[in-house]
Amino acid sequence: MEKVKTVTSLLRNRPKFFNTVKKKSFTYGFLGFLLGIFFGNIFSHVIPYLGAILPIFGTIGGILFGEWYLGGRYDLEKKENIYAYIINKIKRRKLRLSSEKTAKFDTKNEIKDETLYDMEGNEIIGFEIIRTDDPDFENSFKSAVENILKELPALDQVQFIRMNSDIKDEQIIYEREILRKKKIKDQRYFIFLSLFNGSHKKYKDKIKERLEFLGKKMTRKEISKYSQFVFAPLNPQIDVEKPIYPLTYFFGDKEVNAYNGDLVHGASSLASLPHLVSSDFNLFYKPLDKLNNIICATFRGQDGVSAKIKELVGILQQEKLTDKKSNAKKIESLEQQTIDAEEGRSVKLSMSINLVVFGDKHEVNKALTELEFKADEYPDSDYRPFFSRENAYLKDALFSILPGSRSFNKFRTQNIYSTLEAFCYVPFPAIKGEFSDMRSFNFRTTENTIWSFPYFDPKSTVIVGLPGNGKSLIAGRLFAHHIEMRRKGFKASGFILDLGDSFSFLEDGLADFVLKLNYDNSIGKYKPIDIHPLNLFKPFGDKVKYAKKFLCQLMGFDPEEPKSQTASDGNVVTSSLNEFYRENLNRLSEFRTILEKNLSSYFETISNKELKRSNWDEYKARLDCFCKGGINGDIFDPEQPKYNENDIYDIHFFYACKNTQTKDDKTLIAAFASLVLEFGNLLEERFKSGGENEPSNFFYCIDELQWWRDYIPHSWLRERASQNRKFGASLWLLTQDACDLLIPKIVLEEDRMASEYSLLEAMQRCFFFTLPQNLKVLSILAREPLTDLGSAIPNGRIKKMLEIEKSIQMAAKYAAKNKVVDRIVGYCDHLNNMISLYAEYESSFLWASTTHNGGRAIRKKAMKYSGLKIFEVCEKLAKWEEAIPENQVHEKLEQDIIRTIFKVDHANF
């Protein structure tokens, strides 16, 4: 949707001035003049000159009074306050809604179209708008709103209402403590039409057809349930055609009490427009997101005759605006009127925006105060609206959000003259969470609603961000959720290739098998791996196929490459592996012995013996490096490894890691990467859908791709991104820059790929903390072409992604300054969805995934002491109120923490 930005109707709502004095003040000046004459005639018999002086002082006093009376922080604030003082003295404090005409509805039994009527006979029709993942929804919604307002007949009314309420299905947020802690809400969206005396049938039918495309028409019972929620949000809504209000309401100065204790309703409304407005106006509503609230933008069609009179009286004076600097805003307003008229957006509407919040008194006051401060302190004064707390007109504000209600604070209505401007004030619906699949992972949106992410869909995904942004936390949390889904009976499997121990928490009982290439700084060399490489493949039926690929890569040839003429060499490896596994051997050095024996027979059967012997001398030399006595023999051919083939029979989740980022021994790293990838291929083959396999969602994840890509064939990445998803596998790539997915030119020539963007184009989903400078790469992520000049489309998807990136940076600065963890991550996908999400995690997961030495030491000691599984231990550690220690702490503090969380006086450590 194109981002809207326009000059508002502010100046057309403001009092008119003569020089610097409000014109209406002269009316009070004239009344002062008359009073001066009156009292002058009385007192002139005593003091003669008072007859001449009092009219002058009366005029001046009247003008000054008018300036004060019609002024304030917003126009008419002082006048409203005086009325409020009088009303507060005489208004009723106790109210039963059953006796309030405004809160009642009627039905006409002879009409069976689910229509309600207010007590004045106006017809009320309701629609629930359901925002979907459809990328065209935003434009469709904007078009519908503008058409409703453009054609709104005089005396008719439309309400756009966004309602946030508690989520009733606790199971949705049961798994994620953070969602409960953040008081996440269920959001629904309604549009109510109030047709004057049930007239304008053509307008009703036209709008009905348009809105049913975006949602559904509401029944009387549904409208009734909404009305009951307005006044009694904690009560179960009764299934009746006319609402029932079972409570008595007590009106205070700023709150309404319907329940015992500190639970109250509070309200605020828009008291003054900004000079400029954009579609970002909805951001001003954010302070209310964590409470039950209703945001209502009401528009009323003005009576044709009165509207014309107001237009003639109230239109900006056609002044000779020669001083363009001092009259800049008037000129902008006149120009905007001309543009609106030319583009068919001119309307004459009366608008009021009311915000009603329900919750604890302290939280309600805090949210409404933050709303007002957020507007007051907005950095650009031209975009700064004015919200003010409702006081004397609290009852009208509360009633104004009922369907079809025509109650409002008359001092805070605004005349609106453009559908473009009106759309900016309308609250925008959030994406409705789809909870049909229990496997979905629930994120919190920046609107404080749930967005269910179907992570299990076999779609290739990239996560982009600088070090410390939180790439590994997102992937780790989803992978932990993936493992949990298997424990709940869903088919799930996968592996992660890690760098730098970002996912080391998987070692503590979550991964079925762990393979690490660890550099030991204390001895200055790598430790032996924990299993003989060929034993990784031994328990599986396709062991020879994948072990052969690993060995051939180790020795430096590809038997499947037609130009290399090494197919027969591959056959020697195959026969040697068959013999190796038949004899139940383990070590690479034992395989080498069998290979050398088979090569003697092989050389006797070929004609080009010398060439083949020369080639095999090179192959064997490379293999020797990884056998006993070779440079890497201690690592890949260990004497007594920790595991054997019996430890991996029932493997579903595999975790591999290199603990440092050094690239001193590229041959060793390449061998480790080859071993991991081929074993991952074997697992994927076992779990992919089709044939006699165990069909399962398979989760590939490569951490720090920019580091590993020197050791992972781009063809391997491209195949898994585009082809393997057909069999239920999804590739996840974590990298610091999306440009890391571009394929180098030398690789394009070798692997015969069509484009350097082939891998990037195969990515179907993207989480991003930062975005690349390369516009071509950005256009691929956004699924939006560039213009003919190679620039981004104005107000298009690329621009929206950049706006999300800016909000991420601002949130990160705020988080660092205020020591909070509400970080934001952007998301977009091949279906053109684009959304801002909070990247936040439960305390228990942060304890489980921490890579800080202090936190890991405490976690391991707690697991050893308690004998509990990792997440059970971390649930208890999460009760520790202090921050997770980054550095190693004193042993006594470790013991104190463990004693505290396990509630024991002393323990044997």
Side-chain angles (χ1 to χ4, degrees), residues 1-6 8 127-152 158-162 187-191 193 203 206-217 276-283 285 295 297 299 336 339-340 342-347 349 416 418-434 445-447 449 451 766 778-787 791-804 807 826-837:
M1 181 180 69
E2 181 180 351
K3 185 173 179 178
V4 176
K5 177 182 175 182
T6 183
T8 71
F127 299 88
E128 180 169 7
I129 305 302
I130 301 171
R131 181 179 173 186
T132 64
D133 290 342
D134 184 353
D136 293 327
F137 176 87
E138 293 184 356
N139 289 324
S140 299
F141 179 76
K142 179 175 181 289
S143 175
V145 170
E146 291 194 342
N147 276 279
I148 290 171
L149 297 177
K150 186 185 297 183
E151 300 174 18
L152 186 66
V158 60
Q159 295 163 294
F160 300 93
I161 293 177
R162 195 177 79 191
Q187 189 178 107
R188 300 177 70 186
Y189 198 95
F190 308 104
I191 296 178
L193 290 171
Y203 173 74
K206 183 176 181 180
I207 298 306
K208 177 182 175 183
E209 181 181 354
R210 180 176 284 271
L211 291 182
E212 284 183 335
F213 176 75
L214 296 174
K216 64 174 185 176
K217 187 175 184 293
L276 298 173
V277 69
S278 75
S279 49
D280 289 337
F281 189 86
N282 273 245
L283 295 176
Y285 305 141
I295 299 170
F299 297 89
Q336 187 65 54
I339 294 170
D340 289 335
E342 290 175 351
E343 298 188 3
R345 297 195 297 253
S346 291
V347 289
L349 302 171
I416 303 296
S418 165
T419 57
L420 184 68
E421 177 191 357
F423 175 75
C424 294
Y425 304 119
V426 170
F428 200 80
I431 292 178
K432 187 70 175 175
E434 178 57 59
T445 70
T446 51
E447 296 163 320
T449 59
W451 181 68
C766 175
L778 199 51
S779 74
I780 294 172
L781 292 176
R783 299 297 196 278
E784 180 182 70
L786 300 175
T787 65
S791 59
I793 295 173
N795 300 314
R797 287 175 55 79
I798 293 176
K799 293 293 186 183
K800 185 174 180 180
M801 286 184 76
L802 292 170
E803 288 172 12
I804 292 176
S807 69
Y827 171 84
C828 62
D829 61 29
H830 66 300
L831 298 175
N832 290 332
N833 295 312
M834 194 174 293
I835 191 169
S836 298
L837 305 167

Applying side-chain contact (heavy atoms from CB on, under 4.5 Å), run through Phe281 and Val426 and close with a yes or a no.
CA-CA 9 Å; Phe281 189 86; Val426 170; over 6 Å; no

Before you tell me yes or no, could you show the steps for Leu778 and Leu802 under side-chain contact (heavy atoms from CB on, under 4.5 Å), namely the whole-Å CA-CA distance, both residues' side-chain angles and the distance that decides it to 0.1 Å?
CA-CA 10 Å; Leu778 199 51; Leu802 292 170; 4.0 Å; yes

Candidate pair Lys206 and Ile148, rule side-chain contact (heavy atoms from CB on, under 4.5 Å), full reasoning:
CA-CA 9 Å; Lys206 183 176 181 180; Ile148 290 171; over 6 Å; no

Step by step, work out the side-chain contact (heavy atoms from CB on, under 4.5 Å) result for Lys217 and Glu128.
CA-CA 6 Å; Lys217 187 175 184 293; Glu128 180 169 7; over 6 Å; no

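Between Phe137 and Phe141, the angle of the ring planes stays under 30°, which puts this pair in the parallel group of the 30/60° scheme. Ring geometry, Trp451 versus Tyr827: the interplanar angle falls from 30° to 60°, so the pair is classed tilted.
Taking the side chain as every heavy atom from C-beta outward, Thr6 and Val277 approach each other to under 4.5 Å. Considering only heavy atoms from C-beta on, Ile295 stays 4.5 Å or farther from Ile161 through its side chain. The side-chain heavy atoms of Phe428 and Arg131, taken from C-beta on, include a pair separated by under 4.5 Å. Side-chain atoms of Ile130 and Leu214, non-hydrogen and from C-beta on, never get closer than 4.5 Å to each other. Within the 4.5 Å cutoff, the side chain of Ile793 has no heavy atoms near those of the Ile798 side chain.
Outside the 6.0 Å centre-distance limit, the rings of Tyr425 and Phe160 are not counted as a close aromatic pair.
Ala422 and Ile416 get closest at one heavy-atom pair: CB-CG2, 4.0 Å. Here the shortest heavy-atom pairing between Glu146 and Leu420 reads OE2-CA, 3.6 Å. When all heavy atoms of Pro427 and Tyr189 are compared, the closest pair comes out as O-OH, 2.5 Å. The two residues Tyr285 and Arg162 come nearest to each other via the heavy atoms CB-NH2, 4.0 Å. Taking each heavy atom of Ala792 and Lys799 in turn, the nearest pair found is CB-CE, 4.2 Å. Closest of all the heavy-atom pairs between Ala782 and Met801 is CB-SD, 3.4 Å.
With rounding to the nearest 0.5 Å, the separation of SG in Cys766 from CZ in Arg783 is 9.0 Å. With values rounded to the nearest 0.5 angstrom, Thr419 atom OG1 is found 7.5 Å from Lys142 atom NZ. Note that CG of Leu276 and CD of Glu421 are 10.0 Å apart. Values are rounded to the nearest 0.5 Å. The CG atom of Asp280 sits 6.0 Å away from atom CD of Glu803, with the distance rounded to the nearest 0.5 Å. Atom CD in Glu447 sits 9.0 Å away from atom CG in Leu283 (nearest 0.5 Å). One finds the NZ atom of Lys150 at 9.5 Å from the OG atom of Ser418 (value rounded to the nearest 0.5 Å).
Checked by atom type and distance alone, the side chain of Arg797 never pairs as donor or acceptor with a backbone atom of Glu784 at under 3.5 Å. At distances below 3.5 Å, not a single donor-acceptor pair connects side-chain atoms of Asn833 with backbone N or O atoms of Cys828. In this structure, Ser807 contributes its side chain and Ile804 its backbone to a donor-acceptor pair below 3.5 Å. Between the side chain of Gln159 and the backbone N or O of Ile191, no donor-acceptor pair lies under 3.5 Å.
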